[in-house]
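For clarity, every value in this text was computed on a predicted model and none was experimentally measured. Note that these values count all heavy atoms, side chains included, but never hydrogens, waters or copies made by symmetry. Sequence lines set the chain letters: A, B, ... in the order given, protein chains first and strands last, and positions in each chain run from 1.
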Amino acid sequence: DTEVTQTPKHLVMGMTNKKSLKCEQHMGHRAMYWYKQKAKKPPELMFVYSYEKLSINESVPSRFSPECPNSSLLNLHLHALQPEDSALYLCASSQVYGLEKLFFGSGTQLSVL
Amino acid sequence: GQQVMQIPQYQHVQEGEDFTTYCNSSTTLSNIQWYKQRPGGHPVFLIQLVKSGEVKKQKRLTFQFGEAKKNSSLHITATQTTDVGTYFCAGHSGNTPLVFGKGTRLSVIA
């Protein structure tokens, strides 16, 4: 199984809503990532978890809250988002954090109204 | 901080023509990776180059890593409509997170 599975595929939420994005991988990878991608732009790193510990937070606003319940799962909790947060949210994993290649999930297309 | 520049931003080619995208880093890279993202899709890893001057081929795709490990290129010979998408280079410098170039969007006219 070489897949990273993300749910939901699409999400529409209001600015007062709370929602969560989920990501799962069963490749035994010990590094997991959240990226944000706006249309026609490259992926932009948000968070890195290494061995289930948050190791990088790229100055992401606190309305985004990551969680890594175990080595296979990664969540991104969303609260009080702004319309400018609308984007494709990509989860990725790699064997370990470092010089490894990334396996991306198919993403969650988020619209904030 | 580390920057990775990629050109061109867009390239439109006739099917059968060749295509090249170039990547340039402001710092020496530990490695460089290439990803392809189809329209409506997600980035998919193509290849990783590690050694100075390294050249790798995958069918019609040729990847090069510069001698100084600061630049790289991807060349596609005889493009096909299946090559359509955005090609991103991404590099590691030291222990920093992977930095993506802005990507080159390739469209192929049949």
Looking only at heavy atoms, what is the nearest atom pair of A/L78 and A/M13, with distance?
-> CD1-SD, 3.9 Å

Would a distance-only check, ignoring hydrogens and angles, find a side-chain to backbone donor-acceptor pair under 3.5 Å from B/Q80 to B/T82?
-> no

Does a salt bridge link B/E54 with B/K56, judged by any charged N lying under 4.0 Å from a carboxylate O?
-> yes

Which atoms of [X] come close to chain B, meaning under 4.5 Å heavy atom to heavy atom: side chain ones, backbone ones, both, or neither?
{"X": "A/I56", "result": "side chain"}
{"X": "A/Q6", "result": "neither"}
{"X": "A/K101", "result": "both"}
{"X": "A/L102", "result": "both"}
{"X": "A/Q109", "result": "neither"}

Which portion of B/Q37 sits near chain A, non-hydrogen atoms under 4.5 angstrom = side chain

With only heavy atoms counted, which part of B/S30 is less than 4.5 Å from chain A, the side chain, the backbone, both or neither?
-> side chain

Under a 4.5 Å cutoff for heavy-atom pairs, which residue among [options] has the most contacts with chain A?
{"options": "B/G101, B/P97, B/P43", "value": "B/P43"}
{"options": "B/Q6, B/K102, B/R105", "value": "B/R105"}
{"options": "B/Q9, B/H42, B/Q48", "value": "B/H42"}

How long is the span from the SG atom in B/C23 to the CG atom in B/L29, to the nearest 0.5 Å?
-> 8.0 Å

In terms of heavy-atom contacts, does CD of B/E15 have more than 12 from other residues, nucleotides or ligands at under 6.0 Å?
-> yes

Check A/F47, A/F104, A/F64 against A/Y35 for a ring pair (Phe, Tyr, Trp, His ring centres under 6.0 Å) and give me the one that passes.
-> A/F104

Hydrophobic cluster membership, B/V99 vs B/F88, 4.5 Å side-chain cutoff = no

